[in-house]
Amino acid sequence: MRIDIITLFPGTVDAPLGESIVGRARQRGVVEIAVHNLRDFAEGRHQVTDEPPFGGGGGMILKPEPLAAAIGAVRRAGARVILLDPAGRRFTQAVAGELARLPHVILVCGRYEGVDERVRQHLVDEELSIGDYVLSGGEVAALVVTEAVTRLLPGALGDEAAAERDSFARGLLEHPHYTRPEIFRDWPVPPVLLSGDHARIARWRRLMSLWRTWQRRPDLLETADLSPEEQKWVDAFNQGQAPSNLIA
Ligand code: SAM
């Protein structure tokens, strides 16, 4: 997969994209990522990328010409051009999965008051928002999308199954994790995790994943695909039962 990021501030994305899982995925050729400076596509001696809005009002707007030139230069057949924007479709794990199946994604970062409306209307395929708040630029949003998508690409994670166990992969939050020591202060690890009984551990994890989702994100349960046993557990939670009453 290839991801191109178009930004006025390449320095804000360069370093994070060279580190950890994304950095290693790039080195291994799992994903090809290129960052493009929008200013390189602006014409004239001053390479102007932004202007005040027609009709007045504060702030600056990213001009259409440099954005059109940048998108045109990097776009290949089959690419999806995405503008990061608070008005866009909400970015979720499901959207990350959708993008991870594409050969080429171009992420366009807005700045200032945003981009000229004609970019939104004619030059991008869709808009994505990472949440209901306003950032100063699309760069952090582009990093969020790039990292969430890269994790899903085959070969990106050391443990191939890890992404399938993550929160939201099955529509639920993930179960709690513990590591050494077995007792920290006077807080012990749940004994089942030390039992060595993998079937029991797997069942406990499914129960705790469901419990955490029921407590914190009950909205997810409305669309989660639950097994009959999981549905029974949810019914028990609704009747006031705690997980410790449901399995040994
Ligand atoms: N005036 C715009 C508005 O009210 O919708 C906000 C512009 S914001 C200061 C500048 C840029 O940051 C946007 O063009 C967009 O690229 C990016 N941005 C801000 N919040 C975002 C969000 N929640 N998701 C994705 N991109 C965002």
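By the 4.5 Å heavy-atom criterion applied to side chains, L226 and L210 are counted as neighbours. Contact annotation: the side chain of L67 approaches that of V115 to within less than 4.5 Å [non-hydrogen atoms, C-beta and beyond]. Here the side chains of V140 and V13 are not in contact, with every heavy-atom distance at 4.5 Å or above. Counting only heavy atoms from C-beta outward, the side chains of L83 and R120 approach each other to under 4.5 Å. R118 is not listed as a side-chain neighbour of L123, based on a closest heavy-atom distance of 4.5 Å or more. Side-chain contact between S209 and E174 is absent, with no heavy atoms from C-beta onward closer than 4.5 Å. Side-chain contact between H36 and P10 is absent, with no heavy atoms from C-beta onward closer than 4.5 Å.
The local environment of CD in E43 is sparse, with at most 12 non-hydrogen atoms from other residues, nucleotides or ligands closer than 6.0 Å. More than 12 heavy atoms of other residues, nucleotides or ligands lie within 6.0 Å of NE2 in H177, so this atom counts as buried by the packing criterion. Atom CG of D219 has more than 12 heavy atoms from other residues, nucleotides or ligands within 6.0 Å.
Of all non-hydrogen atoms in G57 and P53, the two that sit nearest each other are O-CG, 3.7 Å. Residues R89 and R80 approach most closely at NH2-NH1, 3.9 Å, considering heavy atoms. Nearest heavy-atom pair, T150 versus A156, reported as atom, atom and distance to 0.1 Å: O-CB, 3.0 Å. The heavy-atom pair separating L143 from P16 by the smallest distance is CD1-CG, 3.8 Å. Closest of all the heavy-atom pairs between A224 and G171 is CB-O, 4.1 Å. Of all heavy-atom pairs spanning L38 and A70, the tightest one is CD1-CB, 4.2 Å.
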With side chain to side chain contact (heavy atoms under 4.5 Å, CB included) as the criterion, how do V119 and K63 come out once you've worked through the C-alpha distance, each side chain's angles and the decisive distance to 0.1 Å? CA-CA 9 Å; V119 172; K63 290 162 62 61; over 6 Å; no
Side chain to side chain contact (heavy atoms under 4.5 Å, CB included) assessment of I6 paired with I106: CA-CA 8 Å; I6 298 172; I106 299 170; 3.8 Å; yes
Is there a side chain to side chain contact (heavy atoms under 4.5 Å, CB included) between R206 and E229? Walk through the geometry before answering. CA-CA 10 Å; R206 278 193 297 117; E229 182 178 49; 3.3 Å; yes
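For residues 199-220, the set of pairs meeting the ring-ring contact (aromatic ring centres under 6.0 Å, His included) definition, not counting sequence neighbours, comprises W211-W214, W211-F237, W214-F237. Among pairs with a residue in residues 8-35, those fulfilling side-chain hydrogen bond (donor to acceptor under 3.5 Å, both in side chains) read R2-E32, at least two apart in sequence or across chains. The stretch residues 99-113 participates, sequence neighbours left out, in these side-chain hydrogen bond (donor to acceptor under 3.5 Å, both in side chains) pairs: D4-H104, R111-E139. The side-chain hydrogen bond (donor to acceptor under 3.5 Å, both in side chains) pairs that include a residue from residues 181-195 number zero, where partners must be two or more places apart or lie in different chains.
Using a 4.5 Å cut-off between side-chain heavy atoms of Ile, Leu, Val, Met, Phe, Trp and Tyr, with links allowed through other members, L135 and F9 fall into different hydrophobic clusters. In this structure, L84 is not a member of the same hydrophobic cluster as F41, with clusters built from ILVMFWY side-chain heavy atoms closer than 4.5 Å. V22 and F91 fall within a single hydrophobic cluster, where Ile, Leu, Val, Met, Phe, Trp and Tyr side chains are chained together by heavy-atom contacts under 4.5 Å. Residues V134 and V145 are members of separate hydrophobic clusters, defined by side-chain heavy-atom contacts under 4.5 angstrom among Ile, Leu, Val, Met, Phe, Trp and Tyr.
Looking at D166, its side chain never comes within 3.5 Å of a backbone N or O of A169 through a donor-acceptor pair. A distance-only check finds a donor-acceptor pair linking the side chain of T213 to the backbone of L173 [under 3.5 Å].
In the hydrophobic clustering (ILVMFWY side chains linked at under 4.5 Å, chained through shared members), I61 stands by itself.
Taking the side-chain contact (heavy atoms from CB on, under 4.5 Å) definition, one finds that R205 meets it with H175, L193, I201, sequence neighbours left out.
Of the charged side-chain nitrogens involved, at least one lies within less than 4.0 Å of a carboxylate oxygen, so that E230 and R170 count as a salt-bridged pair.
Atom CD1 of residue I5 and atom CD1 of residue I82 lie 11.0 Å apart, to the nearest 0.5 angstrom.
Counting only N and O atoms by type, the side chains of Q231 and D235 include a donor and acceptor under 3.5 Å apart.
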